[in-house]
Amino acid sequence: MNNSKVIRAFAPLLLVVLLLSGCSGADTSDNRGGREPSSHVTAAGGEPKAGGTVTYGFPSPFKGLFEPAFYEGEDDFHVLEFTTEPLFTVTDDLTTAPGIATWQESADHKTFTFKIKQGIHWQNGAELTVEDWKFALEVIADPDYTGPRFYSVEMIQGAEAYHTGKAKQISGIQVIDPYTMKVTVTAARVNTIDNLWAYPMNKSYFAGVAVKDMPNSDQVRKAPIGIGPFKVKHIQPGEFVELTRFDDYYKGKPLLDGVLYKVFDDKLITSLFEQGGIDIEQAPRDAYESLKKLNNITLMQTPDLSYEYIGFKFGHWDGKAGQIVMDNPKFSDKRLRQAMYYALDRKGIIDAFSYGLGKLVETPISSKSWAKVPEDQINRYPYDQEKAKKLLDEAGYKDTDGDGMREDPKGTKFVIHFDGMVGGTNDEPRTEAILQNWRDVGLDVRLNGGALKEMNTFYTAVEEDDPSVELFNGVWGLSNDPDPSGLWRENDQWNYPRWSSEENERLIREGISLKAYDREYRKQVYYDWQKLINEEVPMIFVAERETITGVNKRLQGVKINTLSNIIEPYKWWVKDSE
């Protein structure tokens with residue numbers, strides 16, 4: 001997946017949300033459409049005026065990696081959205097388009113000639129040149145780079161040799177002049193531009209800093225710089241980042257004097273909005289009803305480019321081999337996985353705990369994408385406990401000792417451990433509700449360790465394949481391009497379920513092959529891939545999320561889309577300057 005959407009190598013994206021089951025009943029209708037989104041831009045409130053500061057809220061302490069090549073989660077990425085920009089843009093319809101950089105593509109689709117705009121300056125006064133972009137690509141390809149984004153440069157000719165220490169430069173990068181650079185890739189791929197790393201790094205600013213030391217350097221942790229409309233003035237680690245206007249921003253002087261990015265307790269979000277302590281923040285679903293009652297905020301809604309899921313663990317990540325190993329046979333029978341899908345009341349999850357903010361999905365490609373398979377071509381897995389029980393019986397999972405819980409096909413006690421993360425106020429009852437869904441069909445699914453995990457503990461357990469983790473609840477963010485690479489291949493570290501197959505690998509390769517320059521061919525490949533995922537069920541897709549952003553009515557010019565609620569913040573302004 002490309003870098004346009006934050007993913008913690010969730011981490012970059014495993015924001016794990018516990019949207020657990022409600023009890024809507026088997027006869028309730030599907031929610032395929034979700035709640036209709038409200039306006040995606042705040043209403044005009046008069047003539048824009050300069051001055052004032054606003055507070056952007058975030059619900060948990062940030063890690064403090066304020067450099068695009070190294071950030072891991074949206075906690076840090078939101079700061080970067082104020083301070084820097086990629087060289088390309090993604091439009092509202094999810095198309096990658098020229099921005100600071102334009103490009104020409106060779107007839108064989110392997111060489112790209114990029115030109116960047118002149119006169120764009122870093123926040124330390126240096127002019128942006130293609131040397132800064134080349135430097136960023138070299139950092140990510142460096143043998144000592146420990147971040148998760150090598151996939152964004154691996155397509156460049158010579159990047160692999162550079163990454164393994166066999167070459168001292170990347171042969172596929174050629175600087176023509178300060179504003180022109182050629183990039184040659186190893187093979188024609190229809191989505192090269194979507195996946196190519198597009199954030200420059202100020203080469204002179206990092207002079208003398210070894211790549212292995214960059215994540216903990218002052219340039220990343222204490223005094224980061226970018227080319228965006230706001231620059232860092234002060235960082236209080238894990239608490240707040242004070243941003244001030246960058247007067248030499250290439251699109252024009254920002255209207256606001258500054259932005260305070262501050263960590264708040266989400267449980268207090270309604271009172272903080274009501275008292276004016278927060279001007280803008282993505283709100284938790286728990287706060288939806290109370291926020292709707294406030295007169296001083298606009299509640300903006302938009303479909304999110306992400307999906308909620310419950311993943312099965314099929315194995316572990318082999319770091320030395322750089323690929324997954326499917327060595328956990330517990331979920332090898334797809335009838336078990338399908339039964340657990342049918343047994344889950346997903347509509348109840350959305351209605352009871354998300355206020356209808358989301359819609360049911362069956363595959364991991366956005367419903368807004370041209371590559372989304374028609375629903376009449378796949379199984380929709382409606383809530384059907386009788387069908388779940390029948391599948392379990394067929395697979396040999398039967399209650400042989402009369403205790404109400406099913407044993408495995410060998411007659412052995414069968415227990416599944418479920419992992420989730422502490423977050424919202426209703427997490428414990430939500431968790432109990434979803435576990436009850438599975439108990440109702442005779443599956444003994446228990447909360448791993450008896451309690452939900454703290455965020456960092458959860459991330460570590462899932463990412464490092466703790467043997468006790470068998471079933472886990474998460475959210476993945478998507479890019480604008482439907483290519484599943486980065487999340488679904490056998491050599492993708494972010495493939496947290498650790499599942500793949502020969503057909504899966506083949507279809508993913510076909511989706512970016514030379515033949516895929518034919519849009520209809522590529523579409524059919526992704527239809528076939530989604531049918532495979534839909535049949536094999538390596539994870540249960542709960543819903544496509546819808547996000548809520550609260551905006552104080554004094555803050556004007558805010559626009560949101562499926563990718564972000566920080567869009568062109570240099571146009572933000574406040575009615576009453578402070």
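- A distance of 10.5 Å separates CG of L291 from NZ of K293, quoted to the nearest 0.5 Å.
- Closest approach of I297 and K553 over heavy atoms only: O-CE, 3.3 Å.
- V542 approaches I310 most closely through the heavy-atom pair CG2-CG1, 4.1 Å.
- Atom NZ of K262 has 12 or fewer heavy atoms from other residues, nucleotides or ligands within 6.0 Å.
- Remark: F246 pairs with no residue by the ring-ring contact (aromatic ring centres under 6.0 Å, His included) rule, at least two apart or across chains.
- With Y341 as the aromatic partner, R346 does not meet the cation-pi criteria of under 6.0 angstrom to the ring centre and within 45 degrees of the ring axis.
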Verdict with reasoning, E510 to W529, per side-chain contact (heavy atoms from CB on, under 4.5 Å): CA-CA 10 Å; E510 280 295 301; W529 180 74; over 6 Å; no
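- Under 4.0 Å is where a charged nitrogen must lie from a carboxylate oxygen, and between D75 and K63 no such pair does.
- L344 is listed as a side-chain neighbour of I540, based on a closest heavy-atom distance under 4.5 Å.
- Considering N534, L532, I533 as possible partners of E536, the one that fulfils the side-chain contact (heavy atoms from CB on, under 4.5 Å) test is L532.
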side-chain contact (heavy atoms from CB on, under 4.5 Å) evaluation trace for W572 with K559: CA-CA 9 Å; W572 292 5; K559 174 184 176 182; over 6 Å; no
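- D257 and T53 share no side-chain donor-acceptor pair at under 3.5 Å.
- In this structure, the side chain of D528 does not engage the main chain of V525 through any donor-acceptor pair within 3.5 Å.
- Taking the six-membered ring where tryptophan is involved, the planes of Y496 and F472 are perpendicular, since the angle between them exceeds 60° and thus also 30°.
- Taking each heavy atom of P48 and L255 in turn, the nearest pair found is CB-CD1, 3.9 Å.
- E239 and Y261 form no side-chain donor-acceptor contact under 3.5 Å, judged by distance and modelled atom types alone.
- Side-chain rings of F66 and F62 approach one another, their centers coming within less than 6.0 Å.
- The residues E375 and K531 are annotated as not salt-bridged, no charged nitrogen and carboxylate oxygen being separated by less than 4.0 angstrom.
- E454 and Y459 share no donor-acceptor pair across their side chains, judged by distance under 3.5 Å alone.
- Checking side-chain atoms of N437 against main-chain N and O of D345 turns up a donor-acceptor pair under 3.5 Å.
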Stepwise side-chain contact (heavy atoms from CB on, under 4.5 Å) check, L87 with Y199: CA-CA 6 Å; L87 301 180; Y199 286 91; over 6 Å; no
side-chain contact (heavy atoms from CB on, under 4.5 Å) between R245 and Y570, intermediate numbers included: CA-CA 9 Å; R245 183 181 66 215; Y570 76 100; over 6 Å; no
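- Defined by atom type and a distance below 3.5 Å, a donor-acceptor pair is present between the side-chain atoms of E81 and S564.
- Residues Y526 and K523 form no side-chain contact, since every pair of their non-hydrogen atoms from C-beta on lies 4.5 Å or further apart.
- Two residues are said to be in side-chain contact when any heavy atoms from C-beta on lie closer than 4.5 Å; V574 and Q556 fail this criterion.
- Looking at S367 and K359, their side chains do bring a donor and an acceptor atom within 3.5 Å of each other.
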From CA spacing to verdict: ring-ring contact (aromatic ring centres under 6.0 Å, His included), W197, W133: CA-CA 9 Å; W197 187 249; W133 189 18; over 10 Å; no
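- No hydrogens or angles considered: nothing links the side chains of D481 and S479 as a donor-acceptor pair under 3.5 Å.
- Summarising the geometry, atom CD belonging to Q236 is positioned 5.0 Å from atom NE2 belonging to H234; distances are rounded to the nearest 0.5 Å.
- Nearest heavy atom pair, residue G238 against residue V263, reads O-CG2, 3.5 Å.
- In this structure, F88 and W103 have perpendicular ring planes: the angle between them is above 60°, well past the 30° mark.
- The shortest side-chain heavy-atom distance between F230 and P569 falls under the 4.5 Å cut-off.
- Looking only at side-chain heavy atoms (C-beta outward), E281 and D266 come within less than 4.5 Å of each other.
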Derivation of the side-chain hydrogen bond (donor to acceptor under 3.5 Å, both in side chains) call for E85 and Y250: CA-CA 11 Å; E85 295 180 8; Y250 74 101; 2.6 Å; yes
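- Among V551, I280, N565, the single residue meeting the side-chain contact (heavy atoms from CB on, under 4.5 Å) criterion with I560 is N565.
- Atoms CG and CZ, from L65 and F77 in turn, are 14.0 Å apart once rounded to the nearest 0.5 Å.
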side-chain hydrogen bond (donor to acceptor under 3.5 Å, both in side chains) between N191 and D483, worked out: CA-CA 8 Å; N191 60 349; D483 175 21; 2.9 Å; yes
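- Ring pair W488/W499 is perpendicular by interplanar angle, where above 60° counts as perpendicular and below 30° as parallel.
- Side-chain N or O atoms of R380 include none that pairs as donor or acceptor with a backbone N or O of V361 at under 3.5 Å.
- Remark: F541 pairs with Y307 by the ring-ring contact (aromatic ring centres under 6.0 Å, His included) rule, at least two apart or across chains.
- Here the side chains of H78 and I566 are in contact, with some heavy-atom distance below 4.5 Å.
- With hydrogens and angles ignored, the 3.5 Å screen pairs no side-chain donor or acceptor of D304 with any backbone N or O of S306.
- Between the side chain of K372 and the backbone N or O of I365, at least one donor-acceptor pair lies under 3.5 Å.
- The backbone N or O of Y342 lies less than 3.5 Å from no partner atom in the side chain of D384, so there is not a single donor-acceptor pair.
- Counting heavy atoms of neighbouring residues, nucleotides and ligands inside a 6.0 Å radius, atom NZ of K251 exceeds 12 of them.
- Here the side chain of N195 pairs no donor or acceptor atom with the backbone of S152 at under 3.5 angstrom.
- Here the side chain of Y381 pairs no donor or acceptor atom with the backbone of A343 at under 3.5 angstrom.
- Across all their heavy atoms, I100 and I120 have their closest contact at CG2-CD1, 3.5 Å.
- The shortest side-chain heavy-atom distance between N473 and Y309 does not fall under the 4.5 Å cut-off.
- Among all heavy-atom pairs drawn from K253 and D247, the shortest one is CE-OD1, 3.6 Å.
- A distance-only check finds a donor-acceptor pair linking the side chain of Q123 to the backbone of G228 [under 3.5 Å].
- Listed by chain and number, the residues in a side chain to side chain donor-acceptor pair (under 3.5 Å) with W122 are D132 (sequence neighbours excluded).
- A side-chain donor from one of T96 and N480 sits under 3.5 Å from a side-chain acceptor of the other.
- Note: L294 CG to F273 CZ = 8.5 Å, rounded to the nearest 0.5 Å.
- Counting heavy atoms from C-beta on, the side chains of L357 and R545 never come closer than 4.5 Å.
- Checking side-chain atoms of D279 against main-chain N and O of V54 turns up no donor-acceptor pair under 3.5 Å.
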